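As the structure is a prediction and not an experimental result, all values here were calculated from the model. The first residue in the sequence is number 1, and the count goes up from there. Every number for a ligand or one of its atoms is a count from 1 in the order of the listing.
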Amino acid sequence: MHSVEQVNVPAGSFLMGDSSGDRNIGDGETPVHDVSLASFTIDATPVTNDAFAAFVAATGYRTEAELFAFSAVFHLAVAAPESDILGQPPGTPWWFGIRGADWSHPGGRDSNLDGLGDHPVVHVSWNDAQAYCAWAGRRLPTEAEWEYAARGGLPSAKYPWGDAEVDEGRWRANIWQGNFPRENSMDDGFLTTAPVRSFEPNGYGLWQSVGNVWEWCADWYDPKAYESSALVNPVGPASGTSRVLRGGSYLCHISYCNRYRNSARSQNSPDSSMGNAGFRTVAL
Ligand SMILES: [Ca+2]
Ligand SMILES: [Ca+2]
(Lines give C-alpha, C1' and ligand atoms only; values in the text may rest on other atoms or scores of the structure.)
(Ligands and ions follow the chains in the order given, each with its own letter.)
Protein backbone atom coordinates (compact mmCIF):
# COMPACT_ATOMS: atom_id res chain seq x y z
CA MET A 1 0.00 0.00 0.00
CA HIS A 2 1.29 3.41 -0.98
CA SER A 3 0.46 5.61 1.99
CA VAL A 4 1.74 8.98 0.82
CA GLU A 5 -1.00 11.59 0.29
CA GLN A 6 -1.50 12.63 -3.33
CA VAL A 7 -2.64 15.86 -4.95
CA ASN A 8 -4.06 16.50 -8.39
CA VAL A 9 -2.24 18.80 -10.77
CA PRO A 10 -4.52 20.19 -13.50
CA ALA A 11 -3.71 19.95 -17.20
CA GLY A 12 -2.08 23.05 -18.59
CA SER A 13 0.98 24.60 -20.11
CA PHE A 14 3.96 26.39 -18.64
CA LEU A 15 7.33 27.84 -19.53
CA MET A 16 9.86 25.14 -18.59
CA GLY A 17 13.40 26.16 -17.80
CA ASP A 18 15.33 28.98 -16.15
CA SER A 19 12.77 31.55 -15.04
CA SER A 20 14.91 33.91 -12.98
CA GLY A 21 18.27 34.28 -14.70
CA ASP A 22 19.96 32.22 -11.98
CA ARG A 23 20.71 29.21 -14.12
CA ASN A 24 23.84 27.19 -13.56
CA ILE A 25 25.83 27.21 -16.76
CA GLY A 26 26.25 23.64 -17.91
CA ASP A 27 23.15 22.22 -16.23
CA GLY A 28 20.97 22.79 -19.28
CA GLU A 29 18.17 24.95 -17.84
CA THR A 30 17.68 26.61 -21.24
CA PRO A 31 16.23 27.23 -23.73
CA VAL A 32 13.01 28.06 -21.92
CA HIS A 33 10.24 26.31 -23.83
CA ASP A 34 6.45 26.12 -23.67
CA VAL A 35 5.36 22.67 -22.46
CA SER A 36 1.81 21.29 -22.29
CA LEU A 37 0.93 18.49 -19.89
CA ALA A 38 -2.09 16.30 -19.24
CA SER A 39 -3.33 16.33 -15.65
CA PHE A 40 -1.69 13.94 -13.21
CA THR A 41 -1.76 12.98 -9.55
CA ILE A 42 1.50 13.36 -7.63
CA ASP A 43 2.60 12.72 -4.06
CA ALA A 44 2.20 15.78 -1.86
CA THR A 45 5.47 14.85 -0.17
CA PRO A 46 8.50 12.70 -0.89
CA VAL A 47 8.10 9.02 -0.03
CA THR A 48 8.71 8.70 3.71
CA ASN A 49 10.77 6.19 5.64
CA ASP A 50 7.51 4.69 6.96
CA ALA A 51 6.15 4.22 3.43
CA PHE A 52 9.41 2.72 2.20
CA ALA A 53 9.52 0.42 5.24
CA ALA A 54 6.08 -0.91 4.28
CA PHE A 55 7.42 -1.73 0.81
CA VAL A 56 10.46 -3.52 2.22
CA ALA A 57 8.33 -5.43 4.75
CA ALA A 58 5.97 -6.59 2.00
CA THR A 59 8.62 -7.58 -0.54
CA GLY A 60 11.94 -8.18 1.23
CA TYR A 61 13.47 -5.77 -1.28
CA ARG A 62 17.13 -4.94 -0.77
CA THR A 63 18.31 -1.56 -1.95
CA GLU A 64 21.42 -1.06 -4.04
CA ALA A 65 23.18 0.63 -1.10
CA GLU A 66 22.59 -2.59 0.87
CA LEU A 67 23.86 -4.77 -1.99
CA PHE A 68 26.93 -2.57 -2.50
CA ALA A 69 27.31 -2.32 1.32
CA PHE A 70 27.98 1.41 1.29
CA SER A 71 26.43 4.76 0.49
CA ALA A 72 27.37 8.45 0.48
CA VAL A 73 26.92 10.31 3.79
CA PHE A 74 27.56 14.02 4.44
CA HIS A 75 30.54 14.31 6.78
CA LEU A 76 28.62 15.98 9.64
CA ALA A 77 25.95 13.25 9.50
CA VAL A 78 28.23 10.24 9.82
CA ALA A 79 27.26 7.86 12.64
CA ALA A 80 29.76 5.06 12.16
CA PRO A 81 33.20 4.00 13.40
CA GLU A 82 36.15 5.47 11.53
CA SER A 83 36.90 2.04 10.09
CA ASP A 84 33.66 2.32 8.06
CA ILE A 85 34.89 5.39 6.16
CA LEU A 86 35.73 4.03 2.72
CA GLY A 87 36.81 7.25 1.04
CA GLN A 88 35.95 10.72 -0.13
CA PRO A 89 35.24 11.58 -3.75
CA PRO A 90 37.74 14.04 -5.22
CA GLY A 91 36.16 17.48 -5.59
CA THR A 92 33.48 16.88 -2.96
CA PRO A 93 35.44 15.97 0.20
CA TRP A 94 32.37 16.61 2.38
CA TRP A 95 30.94 13.31 1.16
CA PHE A 96 32.15 10.08 2.77
CA GLY A 97 31.55 6.63 1.37
CA ILE A 98 30.33 4.86 4.50
CA ARG A 99 30.22 1.07 4.83
CA GLY A 100 26.83 0.06 6.22
CA ALA A 101 25.01 3.29 5.34
CA ASP A 102 21.62 2.59 3.79
CA TRP A 103 18.01 3.76 3.97
CA SER A 104 17.49 2.36 7.48
CA HIS A 105 20.97 3.47 8.68
CA PRO A 106 21.17 6.95 7.17
CA GLY A 107 24.37 7.95 9.00
CA GLY A 108 25.96 4.50 9.02
CA ARG A 109 25.81 1.45 11.29
CA ASP A 110 25.44 3.52 14.50
CA SER A 111 22.27 5.21 13.24
CA ASN A 112 18.66 4.10 12.81
CA LEU A 113 15.26 5.50 11.88
CA ASP A 114 14.08 6.35 15.39
CA GLY A 115 12.04 9.52 15.08
CA LEU A 116 12.52 9.63 11.30
CA GLY A 117 9.37 7.83 10.14
CA ASP A 118 7.96 11.01 8.60
CA HIS A 119 11.25 12.07 7.04
CA PRO A 120 11.93 11.37 3.35
CA VAL A 121 13.59 8.04 2.62
CA VAL A 122 17.19 8.60 1.45
CA HIS A 123 20.02 6.37 0.23
CA VAL A 124 17.66 5.09 -2.46
CA SER A 125 18.90 4.85 -6.03
CA TRP A 126 16.84 5.55 -9.15
CA ASN A 127 16.58 1.77 -9.58
CA ASP A 128 15.32 1.42 -5.99
CA ALA A 129 12.72 4.12 -6.66
CA GLN A 130 11.59 2.16 -9.73
CA ALA A 131 11.22 -0.98 -7.62
CA TYR A 132 9.12 0.89 -5.06
CA CYS A 133 6.95 2.29 -7.85
CA ALA A 134 6.40 -1.16 -9.37
CA TRP A 135 5.19 -2.44 -5.99
CA ALA A 136 3.04 0.60 -5.25
CA GLY A 137 1.44 0.84 -8.69
CA ARG A 138 3.05 4.22 -9.24
CA ARG A 139 5.70 5.76 -11.46
CA LEU A 140 8.29 8.50 -11.16
CA PRO A 141 7.27 11.93 -12.46
CA THR A 142 8.75 13.07 -15.73
CA GLU A 143 11.10 16.02 -15.35
CA ALA A 144 8.46 18.26 -16.96
CA GLU A 145 5.77 17.03 -14.57
CA TRP A 146 8.09 17.60 -11.63
CA GLU A 147 8.83 21.20 -12.60
CA TYR A 148 5.22 22.00 -13.45
CA ALA A 149 4.05 20.56 -10.11
CA ALA A 150 6.82 22.36 -8.20
CA ARG A 151 5.77 25.67 -9.72
CA GLY A 152 2.39 25.34 -8.02
CA GLY A 153 0.57 27.42 -10.61
CA LEU A 154 2.86 30.46 -10.34
CA PRO A 155 4.19 31.10 -13.85
CA SER A 156 7.91 31.79 -14.16
CA ALA A 157 8.59 32.20 -10.43
CA LYS A 158 11.99 31.28 -9.04
CA TYR A 159 10.63 29.21 -6.15
CA PRO A 160 7.44 27.25 -5.39
CA TRP A 161 6.22 30.16 -3.23
CA GLY A 162 7.13 32.93 -5.68
CA ASP A 163 10.19 35.13 -5.97
CA ALA A 164 10.76 36.04 -2.31
CA GLU A 165 14.12 34.82 -1.06
CA VAL A 166 14.14 31.64 0.98
CA ASP A 167 14.69 33.51 4.26
CA GLU A 168 12.58 36.59 3.59
CA GLY A 169 10.48 37.04 6.73
CA ARG A 170 10.61 33.34 7.58
CA TRP A 171 12.34 30.20 6.39
CA ARG A 172 10.58 28.57 3.46
CA ALA A 173 12.76 25.53 2.75
CA ASN A 174 15.37 23.28 4.30
CA ILE A 175 18.75 24.24 2.88
CA TRP A 176 22.16 25.09 4.38
CA GLN A 177 22.97 28.17 6.40
CA GLY A 178 26.46 29.19 7.41
CA ASN A 179 29.88 28.32 6.15
CA PHE A 180 29.55 25.35 3.78
CA PRO A 181 30.61 22.60 4.38
CA ARG A 182 31.99 23.08 7.90
CA GLU A 183 29.44 24.99 9.94
CA ASN A 184 25.68 24.87 9.57
CA SER A 185 23.98 27.43 11.79
CA MET A 186 20.67 25.59 11.15
CA ASP A 187 18.59 28.77 11.12
CA ASP A 188 15.88 26.76 9.33
CA GLY A 189 15.97 24.16 12.11
CA PHE A 190 17.54 21.20 10.30
CA LEU A 191 21.08 19.90 9.71
CA THR A 192 19.98 17.04 7.45
CA THR A 193 16.45 15.91 6.55
CA ALA A 194 13.30 17.58 7.86
CA PRO A 195 9.88 15.93 8.30
CA VAL A 196 8.15 15.97 4.92
CA ARG A 197 5.48 18.42 6.07
CA SER A 198 7.82 21.12 7.26
CA PHE A 199 7.37 24.71 6.01
CA GLU A 200 4.39 25.43 3.68
CA PRO A 201 2.96 23.57 0.67
CA ASN A 202 2.80 25.29 -2.73
CA GLY A 203 -0.34 26.20 -4.69
CA TYR A 204 -0.88 22.61 -5.81
CA GLY A 205 -0.34 21.23 -2.31
CA LEU A 206 3.23 19.95 -2.79
CA TRP A 207 5.55 20.19 0.19
CA GLN A 208 9.28 20.86 -0.05
CA SER A 209 9.81 20.29 -3.74
CA VAL A 210 12.82 22.54 -3.26
CA GLY A 211 15.24 21.82 -0.45
CA ASN A 212 15.23 18.86 1.96
CA VAL A 213 16.05 16.07 -0.52
CA TRP A 214 16.79 15.84 -4.22
CA GLU A 215 14.06 13.92 -6.02
CA TRP A 216 14.60 11.38 -8.79
CA CYS A 217 12.67 11.91 -12.02
CA ALA A 218 11.95 9.35 -14.72
CA ASP A 219 13.99 11.03 -17.47
CA TRP A 220 17.49 10.39 -18.70
CA TYR A 221 19.60 13.52 -18.15
CA ASP A 222 21.14 15.45 -21.02
CA PRO A 223 22.23 19.09 -20.60
CA LYS A 224 21.14 19.65 -24.21
CA ALA A 225 17.72 18.03 -23.76
CA TYR A 226 15.76 21.29 -23.90
CA GLU A 227 17.16 22.12 -27.33
CA SER A 228 14.99 19.40 -28.87
CA SER A 229 12.32 18.60 -26.25
CA ALA A 230 8.88 17.45 -27.22
CA LEU A 231 6.44 20.19 -26.22
CA VAL A 232 3.48 17.97 -25.28
CA ASN A 233 3.93 15.52 -22.40
CA PRO A 234 7.72 15.27 -22.89
CA VAL A 235 9.47 12.22 -21.46
CA GLY A 236 13.09 13.30 -21.97
CA PRO A 237 15.90 11.82 -24.04
CA ALA A 238 15.60 8.29 -25.43
CA SER A 239 18.84 7.18 -23.80
CA GLY A 240 21.58 8.36 -21.49
CA THR A 241 23.90 7.41 -18.67
CA SER A 242 22.42 9.34 -15.75
CA ARG A 243 18.95 10.16 -14.47
CA VAL A 244 17.50 13.56 -13.60
CA LEU A 245 17.39 14.80 -10.01
CA ARG A 246 15.38 17.90 -9.10
CA GLY A 247 14.83 20.36 -6.29
CA GLY A 248 18.06 20.55 -4.33
CA SER A 249 18.60 19.41 -0.77
CA TYR A 250 19.52 20.34 2.78
CA LEU A 251 23.07 20.84 1.52
CA CYS A 252 22.21 23.59 -0.95
CA HIS A 253 23.52 27.06 -0.21
CA ILE A 254 23.72 30.17 -2.30
CA SER A 255 27.52 29.92 -2.31
CA TYR A 256 27.72 26.28 -3.30
CA CYS A 257 24.60 24.71 -4.81
CA ASN A 258 22.19 27.30 -6.11
CA ARG A 259 19.83 24.53 -7.14
CA TYR A 260 16.95 24.96 -4.69
CA ARG A 261 14.97 26.56 -7.52
CA ASN A 262 12.05 25.33 -9.63
CA SER A 263 14.08 25.12 -12.84
CA ALA A 264 17.39 23.81 -11.46
CA ARG A 265 18.62 20.43 -12.69
CA SER A 266 21.05 17.80 -11.49
CA GLN A 267 21.74 14.16 -12.23
CA ASN A 268 23.41 10.98 -11.07
CA SER A 269 23.87 7.43 -12.30
CA PRO A 270 20.80 5.24 -11.73
CA ASP A 271 22.56 3.01 -9.19
CA SER A 272 23.89 5.88 -7.04
CA SER A 273 22.52 6.57 -3.58
CA MET A 274 23.10 9.50 -1.28
CA GLY A 275 21.93 10.71 2.10
CA ASN A 276 20.25 13.71 0.48
CA ALA A 277 18.24 12.14 -2.35
CA GLY A 278 14.81 10.51 -2.37
CA PHE A 279 11.77 10.60 -4.64
CA ARG A 280 8.05 11.20 -4.95
CA THR A 281 5.68 9.27 -7.21
CA VAL A 282 2.86 9.80 -9.70
CA ALA A 283 -0.29 7.70 -10.18
CA LEU A 284 -0.30 5.39 -13.21
CA1 LIG B 1 18.84 23.13 6.98
CA1 LIG C 1 12.94 18.36 -2.51
Audit row: E200, W161, side-chain hydrogen bond (donor to acceptor under 3.5 Å, both in side chains) steps and yes/no: CA-CA 9 Å; E200 305 270 329; W161 54 83; over 6 Å; no
Can you name the N, O or S atom of E215 that is closest to the Ca ion (ligand 2)? OE2
Please find out if the Ca ion (ligand 2) and some N, O or S atom of S249 are separated by less than 3.0 Å. no
Is the distance from the Ca ion (ligand 2) to the nearest N/O/S atom of P120 under 3.0 Å? no
SB check D118 R197 (cutoff 4.0 Å): no
Identify, with sequence neighbours excluded, every residue that meets ring pair (Phe, Tyr, Trp, His ring centres under 6.0 Å) alongside Y221. none
Of R261, R23, R265, R259, the residue whose pairing with E29 passes salt bridge (charged side-chain N to carboxylate O under 4.0 Å, His left out): R261
If the plane angle is over 60° it's perpendicular, under 30° parallel, otherwise tilted; pick one for F279 and F52. perpendicular
Closer than 4.0 angstrom, basic N to acidic O: yes or no for R172 and D167? no
The Ca ion (ligand 2) and N212: any N/O/S contact shorter than 3.0 Å? no
Report the protein N/O/S neighbours of the Ca ion (ligand 1) that fall below 3.0 Å; do not count waters. N174 OD1, I175 O, D188 OD1, D188 OD2, F190 O
Where at least one partner belongs to residues 237-251, residue pairs that pass side-chain hydrogen bond (donor to acceptor under 3.5 Å, both in side chains), sequence neighbours excluded: E143-R246, E147-R246, Y226-R246, S242-Q267, S249-N276
Can you tell me the angle formed at the Ca ion (ligand 2) by O of Q208 and O of V213, to 10°? 150°
Please list, one pair per line, the donor and acceptor atoms closer than 3.5 Å that link side chains of residues 85-95 to other protein atoms, with sequence neighbours excluded.
| residue | atom | partner | partner atom | Å |
| --- | --- | --- | --- | --- |
| Q88 | NE2 | P93 | O | 3.0 |
| W94 | NE1 | Y256 | OH | 3.4 |

